Number of protein chains: 2
Amino acid sequence: MGFREDVKKIKALTDENRLAIMLALQHGEKCGCDLLEELNITQPTLSHHMKILADSGLVDYYKEGKWMHYSISADGVREFRDMIGSYARCDCETDESVSCGCREKK
Amino acid sequence: MGFREDVKKIKALTDENRLAIMLALQHGEKCGCDLLEELNITQPTLSHHMKILADSGLVDYYKEGKWMHYSISADGVREFRDMIGSYARCDCETDESVSCGCREKK
DNA sequence: TTGATACATTGAAATGTATCTATGTTTATG
DNA sequence: CATAAACATAGATACATTTCAATGTATCAA
């Protein structure tokens, strides 16, 4: 199973600064220097965190002149929540349409 | 904000073995020895992982004789998904009823 | 009581992560 | 061209995490 890939994505949200960044982007795109003002960290540290968020697919970005513009990826967060839901769920709330099928007849 | 607590909970799912455990428990409770057979790890390592999952609230447990019985916490996974949803989401899918209110008039 | 089973705890080694300073790269401006 | 601004990269340090062997604890059965 692709646990390794999923672990890597989930790790994108296991840092206080990265959670703050996700909230900061929730109402629209921002550039790195905007984020730097809100987050008591240095520029290389922000750069490090943005790379992790972008790699996870949660955050989109594009370069315009010297500025990097960051924003939440609508597809990224939807897929992320679906992935989380495949682990953080129990049988009692299982919908047959998304059953894993492991108990079905052969 | 309670980023530290949330990071701690999310970290519960940032390990391949713990993801495997969540899937293994998805159709009902199991004891530690059942899990040990499915997961190529030693008993102390399983004990370590079960403590982390239990502390996060994702997994419930009770002791019966020498056995520990583990199961998914229905409340735990629902709250976990809600918490994830508060970070992994974008403005374009914001429902006013759960708006953070940061742009409202004073 | 003795032995076996299920699980927890301790301590150590290996690996991974977050952060900073220093420096490099790219782009715009005077 | 020289300078400054925005960002990336490299290297170092401190800290956290995963894992196992060794050992401890609790429970049951003979």
Side-chain angles (χ1 to χ4, degrees), chain A residues 1-25 28-71 87, chain B residues 1-25 28-71 87:
Chain A
M1 307 200 181
F3 291 152
R4 191 158 311 169
E5 278 298 303
D6 287 342
V7 165
K8 190 178 172 187
K9 287 182 184 174
I10 300 171
K11 279 186 179 175
L13 291 191
T14 56
D15 178 273
E16 296 184 51
N17 285 310
R18 293 198 291 272
L19 290 187
I21 291 166
M22 290 302 288
L23 292 191
L25 294 178
E29 81 176 37
K30 291 188 177 176
C31 69
C33 40
D34 287 339
L35 292 170
L36 257 187
E37 288 180 4
E38 311 183 26
L39 300 172
N40 273 341
I41 55 177
T42 63
Q43 176 271 319
T45 300
L46 176 66
S47 187
H48 164 75
H49 289 309
M50 296 318 295
K51 180 165 170 49
I52 289 172
L53 286 172
D55 285 351
S56 76
L58 287 166
V59 164
D60 282 334
Y61 60 93
Y62 64 94
K63 192 174 183 177
E64 183 201 35
K66 345 180 235 186
W67 286 277
M68 291 294 292
H69 296 266
Y70 298 104
S71 60
Y87 298 107
Chain B
M1 306 196 182
F3 291 153
R4 191 157 312 168
E5 277 299 304
D6 287 342
V7 165
K8 191 178 172 188
K9 286 181 185 175
I10 299 171
K11 279 186 180 176
L13 291 192
T14 56
D15 178 274
E16 296 184 51
N17 285 310
R18 293 197 291 270
L19 290 187
I21 291 165
M22 291 301 287
L23 293 192
L25 293 177
E29 81 176 37
K30 290 188 178 176
C31 67
C33 40
D34 286 340
L35 292 169
L36 257 186
E37 288 180 4
E38 310 183 28
L39 301 171
N40 273 342
I41 55 178
T42 63
Q43 177 271 320
T45 300
L46 177 67
S47 187
H48 165 74
H49 288 310
M50 296 318 296
K51 182 166 169 47
I52 289 172
L53 286 172
D55 285 351
S56 77
L58 288 167
V59 164
D60 283 334
Y61 59 92
Y62 64 94
K63 192 175 181 178
E64 182 200 35
K66 342 182 239 185
W67 286 277
M68 291 293 291
H69 295 268
Y70 297 105
S71 59
Y87 298 107

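Treat the numbers as computed from the prediction; the structure is a model and nothing was measured. When reading the values below, keep in mind they use all heavy atoms of this one structure, side chains included, and skip hydrogens, waters and symmetry mates. Residue numbering restarts at 1 for every chain, and letters A, B, ... go by the order of the sequence lines.
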Problem - Between P of C:dT19 and CG of A:Leu36, the distance in whole Å - result: 13 Å

Handout entry: Under-4.0 Å side-chain N/O to phosphate OP1/OP2 contact, B:Lys51 with C:dA8
Key = no

Fill in the blank from the handout: B:His48 NE2 to D:dA21 C1', in whole Å, measures 16 Å

Handout entry: Length of the line joining A:Ile21:CD1 and C:dA18:P, which is rounded to integer Å
Key = 11 Å

Exercise for the section: Examine the base of C:dA8 for any acceptor or donor lying under 3.5 Å from a partner atom in the side chain of B:Gln43, and report the outcome as yes or no. Expected result: yes

Exercise for the section: Whole angstrom is fine here: how far is it from NZ in A:Lys11 over to P in C:dG16? Expected result: 8 Å

Exercise for the section: Could you please name the option among C:dT19, C:dT5, C:dA8 that lies closest to any side-chain atom of B:Tyr70? Expected result: C:dA8

Problem - Whole-Å distance separating the NE2 atom of B:His69 from the C1' atom of C:dC7 - result: 12 Å

Fill in the blank from the handout: From the candidates D:dT9, C:dC7, D:dT18, the one with an atom nearest any side-chain atom of A:Ser47 is D:dT9

Problem - Heavy-atom side-chain contact between B:Ile10 and A:Leu19 under 4.5 Å - result: yes

Exercise for the section: Answer yes or no: does a side-chain N or O of A:Thr45 lie under 4.0 Å from OP1 or OP2 of C:dC20? Expected result: yes

Problem - Between C:dT5 (P) and B:Trp67 (CH2): distance, integer Å - result: 11 Å

Problem - Contact under 4.0 Å: B:Thr42 side-chain N or O vs D:dC20 OP1/OP2 - result: yes

Problem - Any A:Met22 side-chain heavy atom under 4.5 Å of A:Val59 side chain - result: yes

Exercise for the section: Specify the separation, in whole Å, of atom CD1 of B:Ile10 and atom P of D:dT17. Expected result: 14 Å

Handout entry: Rounded distance in Å - CG (B:Leu46) to C1' (D:dC20)
Key = 14 Å

Handout entry: Sugar-phosphate, base or nothing in reach of B:Leu35, heavy atoms under 4.0 Å
Key = nothing

Practice task
Measure the shortest side-chain to side-chain distance between B:Tyr70 and B:Met50 over non-hydrogen atoms and say whether it is less than 4.5 angstrom.
Solution key: yes

Problem - Short side-chain N/O contact to D:dA26 OP1/OP2 from B:Lys63, under 4.0 Å - result: no

Exercise for the section: State the CG-CG distance between A:Leu53 and A:Leu13, to the nearest 0.5 angstrom. Expected result: 7.0 Å

Fill in the blank from the handout: Quick note, B:Lys66 side chain, CB onward, closest among D:dT27, C:dC20, C:dA18 is D:dT27

Exercise for the section: Counting heavy atoms from C-beta on, name the nucleotide in D:dT18, C:dC7, C:dA18 closest to the side chain of A:His49. Expected result: C:dA18

Problem - Which nucleotide in D:dA6, D:dC7, C:dT21 has an atom nearest any side-chain atom of A:Pro44 - result: C:dT21

Handout entry: Note, A:Ser71 side chain near A:Tyr62 side chain (heavy atom, < 4.5 Å)
Key = no

Handout entry: 4.5 Å side-chain heavy-atom contact, A:Leu39 and A:Thr45
Key = no

Exercise for the section: Among D:dT18, D:dC20, D:dT19, find the nucleotide with the atom closest to the side chain of B:Asn17. Expected result: D:dT19

Practice task
Name the residue closer to the 5' end of DNA chain C, choosing between A:Gly65 and A:Asp15 according to the nucleotide with the nearest heavy atom.
Solution key: A:Asp15

